[in-house]
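Counting begins at 1 with the first residue of the sequence. All of these numbers come straight from a predicted model, not from anything done at the bench.
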Amino acid sequence: MAAGRTVDPTARFGGGPGPERRELLEAPVHWPDPAGLGARLSTLKGIGPVLEQNALEVGVSTVFDLLWRLPADYGEPPVRRTLDSLPEDEPAAVEVEVVDRRRVRPGRRAVVEAKVRDRGASMRAVWFNRPWVFDRIGPGDRLLLEGRLSGESFVVATHREAGAPEPSGPRPRYGSAGEVSPGRWASWSGEALQRAGLAPDPLPACTRTRLGLPGASAALVEAHRPRSSEAAWQARSRLAFEELFLHQVMILARGARERQAAGAALRLRGDPGLEAEWLEGLPFELTPGQEEVIGIFSEELGSDRPMRRLLMGEVGSGKTVLAAFAALRAYGSGAQAALMAPTEVLAEQHHATLTGLLGPAGIEPLLLTGSTGDPERELLFERLAEGEPTVVVGTHALLGERVEFARLGVAVVDEEHRFGVRQRTGLDGHDSGSPAVHRLHLSATPIPRTLALTAWGDLDLSELRDLPGGRRPVKTTLLDEGGREEAFDAVRREVAAGRQAFVVCPLVEESEAVQARAAEVEARRLAEGELAGLEVGLLHGRMTQQDKAGAMDRFLRGEVDVLVATTVIEVGIDVPNATVIVIEGAESFGLAQLHQLRGRVGRGDRPGRCYLVAGRPGGRAMERLSRLAGESDGFRVAELDLELRGEGELAGTRQHGLPRFRAASLPSDRELLFAARTELERLLGSGERIDGPLLGPSLTEALARFGPEGVTV
Ligand code: ADP
Ligand code: MG
């Protein structure tokens, strides 16, 4: 080797290590491509550079892409007709004899024309763009033509010898895309299918056997040229399953990679005596769901595999006490715990709650927000940097440059509940040399499992479904404008009985400023109208942190009877004395959001009531809202919400990189997604490694299809 030359390990792939190459190099196995599925379209018969370019413009660049561009639908086989009974422009099949034929326009846009006849009539049949047909048919041939009558001519889609075995199945219908017509897609798919037989199957053979799935190539053939419509849809399910399975492989591989990079975490064994005593001393019995989570935390925090868990539970389901347990575990192990909340109000609330919960264990949680005074702040920095075992609650201020944890064991991140939006916590302990941090995410919005698995799938999921303390679901009543009075009667009644209420203003899209102004106007109007004589407060997003905290405080202390608010109250506010919530313009909110809002009431011992006032109710809006009124399980509401919004909602997450699946469609294919996840977990549970011999080929294919991220965060 020439002096000074270094060997580029990617050289054998030709060229430098481009970004894709580098990704592929992460794949555990490489396989040859005997079927040539990675080849350009122009390697297929009948596709030249112009058509190839047309296909490229709609994202179809390889034979693989073409195979996975499935028919949009399937039609019945055409009805057999005679030439004298052909309806205009309807699919039909006719058996005819060729009288003669000619080339009308030679060249690329060729038309072959034939005079054909059957017993009763004769007619012109035309073939577009298939010059070779001229040589394949001749006078006297008996043909079965499929196509449709258009004007004076029968336009042929397909033909074969009469009496030849007839495909009995439904006819695939391809959607047009860009410059490429449905007919072209149909004939190209035929060409591509010639190669499908050699397509490697990325699903483990044992998975296929267990679930009774056909091989990839059989499924592709059946999806394009089905024997029956049932077989077609089964084949498509098989392909959808494959996509979802590979996507889960990619997501779990990403999680594994992230953990690997993070390194080992502190084994937090805790102080068993302290924990037992603390649990014993809690003012309530844990629900079975909470017990289970404590068990999981106990095990995961005690291991050096960093915990990455998303704990979802509705408002009031008792997540905080579980976060407190995790903090106690860190503290009892001589480490530090941090809890980060999205707003100052919430950080203060958490701080107060944790102070109450952890006090008996001798812990005094610290608080760090933008408003923490200088001397306190300095002291806090010092204590964290010195590694004092402690619990600190705060806002994003916890991520400040000067905050240095000497021994961070657990990071809890509260209320990251916007669908699909994930932030890196920054509390990961990625500094070289420091151990990985156990991380717990709390979500008060039950994320539908469909979305949780696709967008958050690399986290382990825990769901709290049981409401603690015998709490009853919030009774929800749907009213139209005319019924408003009923809602405000209820507000006045509750206030007279010493309790409090929220009024939520309609959601205005324009801007927070418009929204804030609307809330101000509404508060004033109510104070002079329906709620005259009551103490009415105001809370909206344009107020300063201080004003917000002040308004919340007055409400908490009972100095304000009714709080008129924008959706800022959606996030985790806990006022046990509030029993009624009136949501105006309810039709402008999503179901999950309404559910979240109504969870603000009935958090004490009195049951809560929610009035949804629909301002401009349309039939669909009312139906949506009445389904919410009848459903109290937040996880089901979330799934319902996703179903009603359908792909739109998932499209929102697509900005964050959720791939567009080719055969699968979410949320409707969620059962396949769950099945894929279950199967993958089963394999991993039985000791298979994601990059091992069994799943390695799946991972290779997943990386090739989705890239190493699949979802960007
Ligand atoms: P979340 O954070 O999930 O919204 P919290 O942890 O704030 O819910 O709990 C809501 C209320 O329920 C708190 O007042 C808490 O003390 C109480 N709580 C939590 N767990 C239980 C339980 N098992 N039994 C009775 N009350 C509970
Ligand atoms: Mg909470």
Salt-bridge criterion met for [X] and [Y] (N-O under 4.0 Å):
X      : Y      : answer
Arg554 : Glu535 : no
Glu681 : Arg677 : yes
Glu299 : Arg305 : no

Q | side chain to side chain contact (heavy atoms under 4.5 Å, CB included), paired with Met340, selected from Thr395, Leu368, Leu399 | A |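 Testing each of Thr395, Leu368, Leu399 against Met340, the sole residue satisfying side chain to side chain contact (heavy atoms under 4.5 Å, CB included) is Leu399.
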Do [X] and [Y] touch side chain to side chain, with heavy atoms closer than 4.5 Å?
X      : Y      : result
Leu358 : Tyr331 : no
Leu539 : Phe555 : no
Met552 : Val575 : yes
His247 : Leu673 : no
Leu279 : Leu286 : yes

State, without any angle test, whether [X] and [Y] hold a side-chain donor-acceptor pair at a distance under 3.5 Å.
X      : Y      : answer
Glu631 : His595 : no
Thr476 : Arg598 : yes
Glu679 : Thr207 : yes

Hey, could you give me the [atom1]/[atom2] distance between [X] and [Y], rounded to the nearest 0.5 Å?
X      : Y      : atom1 : atom2 : value
Arg377 : Thr369 : CZ    : OG1   : 7.5 Å
Lys548 : Asp553 : NZ    : CG    : 14.0 Å
Ser333 : Leu328 : OG    : CG    : 8.5 Å
Ile296 : Ser298 : CD1   : OG    : 10.5 Å
Glu364 : Leu354 : CD    : CG    : 13.0 Å
Leu268 : Leu301 : CG    : CG    : 5.5 Å

Considering all heavy atoms of both residues, which atom of [X] and which atom of [Y] are nearest to each other, and what is their separation?
X      : Y      : value
Gly537 : Val560 : N-CG1, 3.4 Å
Met312 : Ala452 : CE-CB, 4.5 Å
Val410 : Val412 : CG1-CG2, 4.0 Å
Ile583 : Phe589 : CG2-CE1, 3.7 Å
Cys505 : Val564 : SG-CG1, 3.8 Å
Leu591 : Asp641 : N-OD1, 3.1 Å

Q) Which is it for Leu695 and Leu684 under the side-chain contact (heavy atoms from CB on, under 4.5 Å) test, yes or no, and what are the steps along the way? A) CA-CA 9 Å; Leu695 285 167; Leu684 295 171; 3.9 Å; yes
Q: Give me the one residue out of Arg309, Glu292, Lys319 that meets side chain to side chain donor-acceptor pair (under 3.5 Å) with Ser462.
A: Arg309
Q: Please name the residue in the list Arg609, Glu494, Arg603, Gln500 that meets the side chain to side chain donor-acceptor pair (under 3.5 Å) test with Thr579.
A: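 So the option named by the test is Glu494.
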Q) Would you find more than 12 non-hydrogen atoms of other residues, nucleotides or ligands less than 6.0 Å from Glu388 atom CD? A)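 Atom CD in Glu388 is packed in, count exceeds 12.
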Q: Answer yes or no: does atom CZ of Arg682 have more than 12 heavy-atom neighbours from other residues, nucleotides or ligands under 6.0 Å?
A: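 Correct, the count exceeds 12.
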Q.
Test side-chain contact (heavy atoms from CB on, under 4.5 Å) on Leu380 and Leu384; report intermediate values, then the result.
A. CA-CA 6 Å; Leu380 187 145; Leu384 295 179; 3.6 Å; yes
Q: Starting from the C-alpha separation in whole Å, work towards a yes-or-no answer on side-chain contact (heavy atoms from CB on, under 4.5 Å) for Leu628 and Val637.
A: CA-CA 7 Å; Leu628 176 73; Val637 170; 3.8 Å; yes
Main chain of [Y], side chain of [X]: is a donor-acceptor contact present, judged purely on distance under 3.5 Å?
X      : Y      : answer
Gln248 : Leu453 : yes
His438 : Gly302 : no
Asp460 : Met307 : no
Arg259 : Pro306 : yes

Q | Parallel, tilted or perpendicular: rings of Phe325 and Trp278 (30°, 60°) | A |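 Tilted: the ring planes of Trp278 and Phe325 meet at 30° to 60°.
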Q.
Less than 6.0 angstrom from the centroid, inside 45 degrees of the normal: does Arg329 satisfy that with respect to the ring of Phe297?
A.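 Here Arg329 fails the 6.0 Å and 45° test against Phe297.
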Q: Please lay out, stage by stage, how Phe405 and Leu398 fare under the test side-chain contact (heavy atoms from CB on, under 4.5 Å).
A: CA-CA 10 Å; Phe405 292 90; Leu398 284 172; 4.3 Å; yes
Q: Using the salt bridge (Lys or Arg N to Asp or Glu O under 4.0 Å) rule, take Arg402 and Glu378 through it: C-alpha gap first, then chi angles, then the decisive distance, then the call.
A: CA-CA 9 Å; Arg402 304 206 27 231; Glu378 292 306 318; 3.0 Å; yes
